[in-house]
A.B. asks: 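Structure incoming, see below.
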There are 2 protein chains.
Amino acid sequence: MTARKERRSDCPISYVLDIFGDKWTFLVIRDLLLKGKKTYGEFATSDEKIATNILASRLVLLEDEGIISKEKDPAKGSRILYRLTQKGVDLLPVLIEMMKWSAVYDPDTNVPKEMVEHAKAHRDAFLNQILEDLKKDKYLLA
Amino acid sequence: MTARKERRSDCPISYVLDIFGDKWTFLVIRDLLLKGKKTYGEFATSDEKIATNILASRLVLLEDEGIISKEKDPAKGSRILYRLTQKGVDLLPVLIEMMKWSAVYDPDTNVPKEMVEHAKAHRDAFLNQILEDLKKDKYLLA
DNA sequence: CTGTATCCTTAGGGATACTG
DNA sequence: CAGTATCCCTAAGGATACAG
């Protein structure tokens, strides 16, 4: 069933959380975006062992939100392939920033070393640029 | 009580979700980072109306994770001020990317118009840059 | 005002079996 | 393999009262 969409507020952060505010939905995006996974079975066998009912409900949710789409595998009719829409692909920067943050602060995370270096080196410059924009009220919320 | 930390995997995205995988925690960060809120009462009166028990538990969680810290208001001893640590401030890029995404895809979001323009104009360039890095396996997960 | 505590309800989610 | 369905349980979370 389609989850009834009830916004808690008109805040853009809240909009993201209304869709992704749980421990699983972003992992499906990760699998599609960064692990090249495309099928139900591939999602189901990720390290975090998502339950099949949760997985199915998330795929429906993501399709309802226009973030993924389904198609039959042309090579094998019984197989269904999931792919990200543009709206889904555009989540990449969010994922990347999450990974950079973890790369810096999670000692146990398995992020490539060069990415850690990249993140640390660019962190200050990136933050300063954003803070500049903040000063111009570019991102300030009401 | 301190939530028992049980990682589901060593994935950096999963690390973020283990902390922020709910509908409320990021809103507290938003209030600190983008709304200039500092006190319990200010958090409690946000648009989304977080329950006080949830709020308190999230503040404990965030302090345990080293993302916020507490101090007494020097001007008023009974008042407690929360502030972000460096680890917390470094979440800003994540929040910003979330806002940019909402600015593009949520028709009802109340993001400043200039930010929408900014996001749309820079989206392709930004994605292309990340995709370049992806090709170099800079962000690829195992 | 800053929290705790308690009660209660619902939603999230694990395990597993089952269907096309 | 791609899902549904069911059972059951726990955690999340709303309401509210209360304490320092």
Side-chain angles (χ1 to χ4, degrees), chain A residues 1-9 14 17-28 31-32 36-65 68-83, chain B residues 1-9 14 17-28 31-32 36-65 68-83:
Chain A
M1 87 206 48
T2 305
R4 205 77 293 285
K5 178 74 173 299
E6 302 208 19
R7 309 199 54 157
R8 293 175 295 170
S9 76
S14 161
L17 295 179
D18 284 344
I19 301 173
F20 294 99
D22 74 296
K23 296 203 186 301
W24 296 108
T25 311
F26 258 130
L27 294 184
V28 177
D31 285 350
L32 283 160
K37 297 188 177 184
K38 292 177 172 57
T39 68
Y40 187 92
E42 287 172 332
F43 302 141
T45 54
S46 289
D47 288 346
E48 297 85 5
K49 297 293 171 199
I50 186 170
T52 59
N53 55 345
I54 308 294
L55 173 57
S57 74
R58 291 307 182 279
L59 291 172
V60 169
L61 169 74
L62 288 171
E63 197 182 7
D64 286 348
E65 294 290 342
I68 62 173
S69 63
K70 302 161 65 168
E71 59 174 342
K72 289 199 174 183
D73 188 339
K76 193 183 171 192
S78 71
R79 177 182 288 256
I80 291 181
L81 298 179
Y82 295 88
R83 65 165 56 181
Chain B
M1 87 205 48
T2 304
R4 207 76 293 286
K5 178 77 174 297
E6 302 207 19
R7 310 200 52 159
R8 293 176 294 169
S9 76
S14 161
L17 295 178
D18 284 344
I19 301 173
F20 294 100
D22 74 295
K23 297 202 187 299
W24 296 109
T25 311
F26 258 130
L27 294 184
V28 177
D31 285 350
L32 282 161
K37 298 188 176 184
K38 293 177 171 57
T39 68
Y40 186 93
E42 287 172 332
F43 303 140
T45 54
S46 289
D47 288 345
E48 297 85 5
K49 297 293 170 200
I50 187 172
T52 59
N53 55 345
I54 307 294
L55 173 58
S57 73
R58 291 307 183 280
L59 291 173
V60 169
L61 170 74
L62 288 171
E63 196 182 8
D64 287 347
E65 293 290 341
I68 62 173
S69 63
K70 301 161 67 169
E71 60 174 342
K72 289 198 174 183
D73 188 340
K76 194 184 172 191
S78 71
R79 177 181 288 256
I80 291 182
L81 299 179
Y82 295 88
R83 66 167 55 180

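Chain letters run A, B, ... following the sequence lines, proteins first and then strands; every chain starts at 1.
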A.B. asks: Looking at every non-hydrogen atom in both residues, tell me the closest pair between A/Pro74 and A/Leu81 and how far apart they are.
C.D. replies: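 Closest heavy-atom pair between A/Pro74 and A/Leu81: CD-CD1, 4.4 Å.
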
A.B. asks: Taking side-chain contact (heavy atoms from CB on, under 4.5 Å) as the test, write out the residues that go with B/Ser69, two or more places apart.
C.D. replies: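 Partners of B/Ser69 under the side-chain contact (heavy atoms from CB on, under 4.5 Å) test: B/Arg83, B/Thr85.
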
A.B. asks: Please give, in whole Å, the distance from C/dA15 P to A/Ile54 CD1?
C.D. replies: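 The distance from CD1 of A/Ile54 to P of C/dA15 comes to 11 Å, rounded to the nearest Å.
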
A.B. asks: Please test B/Phe43 against B/Leu32 for side-chain contact (heavy atoms from CB on, under 4.5 Å), starting from the C-alpha separation and ending with a verdict.
C.D. replies: CA-CA 9 Å; B/Phe43 303 140; B/Leu32 282 161; 3.7 Å; yes

A.B. asks: Would you say B/Lys70 places a side-chain N or O within less than 4.0 Å of OP1 or OP2 belonging to C/dG3?
C.D. replies: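 Looking at the OP1 and OP2 atoms of C/dG3, one of them is under 4.0 Å from a side-chain N or O of B/Lys70.
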
A.B. asks: Apply the test salt bridge (Lys or Arg N to Asp or Glu O under 4.0 Å) to residues A/Lys23 and B/Asp18: give CA-CA distance (whole Å), side-chain angles for both, the deciding distance (0.1 Å), then the verdict.
C.D. replies: CA-CA 7 Å; A/Lys23 296 203 186 301; B/Asp18 284 344; 5.3 Å; no

A.B. asks: Any side-chain to backbone donor/acceptor pair from A/Tyr40 onto A/Thr52? Under 3.5 Å, distance only.
C.D. replies: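 Yes: the side chain of A/Tyr40 pairs with the backbone of A/Thr52.
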
A.B. asks: Starting at CG of A/Leu27 and ending at P of C/dG12, how long is that distance when rounded to a whole Å?
C.D. replies: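 Interatomic distance, CG of A/Leu27 to P of C/dG12: 16 Å.
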
A.B. asks: Would you mind reading off the distance between B/Trp24 atom CH2 and C/dA11 atom C1', rounded to a whole angstrom?
C.D. replies: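 Taking atom C1' of C/dA11 as the reference, CH2 of B/Trp24 is at 14 Å.
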
A.B. asks: I'd like to check the side chain to side chain donor-acceptor pair (under 3.5 Å) partners of B/Arg79; sequence neighbours left out, ordered by chain and number.
C.D. replies: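 B/Arg79: no side chain to side chain donor-acceptor pair (under 3.5 Å) contacts found.
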
A.B. asks: A/Ala51: which residues meet the side-chain contact (heavy atoms from CB on, under 4.5 Å) condition with it, sequence neighbours left out?
C.D. replies: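 Result, side-chain contact (heavy atoms from CB on, under 4.5 Å) vs A/Ala51: A/Asn53, A/Ile54.
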
A.B. asks: Rounded to whole angstroms, how far apart are CG on A/Asp18 and P on C/dA11?
C.D. replies: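 In whole Å, C/dA11 P lies 15 Å from A/Asp18 CG.
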
A.B. asks: Which angle, to the nearest 10 degrees, lies between the helix axes at the two ends of the helix from C/dC1-D/dG20 to C/dG20-D/dC1, each defined by five pairs?
C.D. replies: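 The angle separating the two end axes equals 40°.
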
A.B. asks: Start at the 5' end of DNA chain D and walk down; is the nucleotide closest to A/Lys23 or to A/Gly41 reached first?
C.D. replies: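 Taking each residue's closest nucleotide, the earlier one in sequence belongs to A/Gly41.
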
A.B. asks: State which residues pass side-chain contact (heavy atoms from CB on, under 4.5 Å) with B/Ile80; sequence neighbours excluded, sorted by chain then number.
C.D. replies: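 With neighbours one apart ignored, the set is B/Lys70, B/Tyr82.
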
A.B. asks: Between P on C/dG12 and CD1 on A/Ile19, what's the gap in Å once rounded to a whole number?
C.D. replies: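 Rounded to the whole Å, the gap is 14 Å.
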
A.B. asks: Any N/O pairs under 3.5 Å between the protein and nucleotides 16-19 of chain C? List them or say none.
C.D. replies:
{"from": "C/dT16", "atom 1": "O4", "to": "A/Thr52", "atom 2": "OG1", "distance (Å)": "3.1"}

A.B. asks: Would you please name every residue forming a salt bridge (Lys or Arg N to Asp or Glu O under 4.0 Å) with B/Glu63, sequence neighbours left out?
C.D. replies: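 Testing B/Glu63 for salt bridge (Lys or Arg N to Asp or Glu O under 4.0 Å), a comparison that skips the adjacent residues, returns none.
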
A.B. asks: Just how far, in rounded Å, is C1' of C/dG13 from CZ of A/Phe43?
C.D. replies: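 So the CZ-C1' distance, A/Phe43 to C/dG13, works out to 19 Å.
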
A.B. asks: From CD of B/Glu63 over to P of C/dT2, roughly how many Å is that when rounded to an integer?
C.D. replies: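 So the CD-P distance, B/Glu63 to C/dT2, works out to 15 Å.
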
A.B. asks: Using whole Å, what does the distance between atom P of nucleotide C/dT4 and atom CG of B/Leu59 come to?
C.D. replies: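 That distance rounds to 9 Å.
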
A.B. asks: Categorize A/Ile80 for me: base, sugar-phosphate, or nothing, with a 4.0 angstrom heavy-atom threshold over every strand shown.
C.D. replies: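 Sugar-phosphate contact only.
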
A.B. asks: Just the endpoints, please: which first and last nucleotides of DNA chain D, 5' to 3', lie under 4.0 Å from a heavy atom of chain B?
C.D. replies: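 Boundary nucleotides touching chain B, in 5' to 3' order, are D/dG13 to D/dT16.
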
A.B. asks: Show every salt bridge (Lys or Arg N to Asp or Glu O under 4.0 Å) that has at least one partner inside residues 36-47 of chain B, sequence neighbours left out.
C.D. replies: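 As it turns out, there is no salt bridge (Lys or Arg N to Asp or Glu O under 4.0 Å) pair with a partner in residues 36-47 of chain B once direct neighbours are skipped.
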
A.B. asks: By side-chain contact (heavy atoms from CB on, under 4.5 Å), which residues pair with B/Asp22, not counting sequence neighbours?
C.D. replies: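 Once residues adjacent in sequence are excluded, the partners of B/Asp22 under the side-chain contact (heavy atoms from CB on, under 4.5 Å) criterion are B/Trp24, B/Thr25, B/Arg58.
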
A.B. asks: Mapping A/Ala56 and B/Asp22 onto DNA chain D by nearest heavy atom, which one lands closer to the 5' end?
C.D. replies: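 The residue whose closest nucleotide sits nearer the 5' end is A/Ala56.
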
A.B. asks: Apply side-chain contact (heavy atoms from CB on, under 4.5 Å) to B/Val28 and B/Leu55, showing your working.
C.D. replies: CA-CA 8 Å; B/Val28 177; B/Leu55 173 58; 4.2 Å; yes

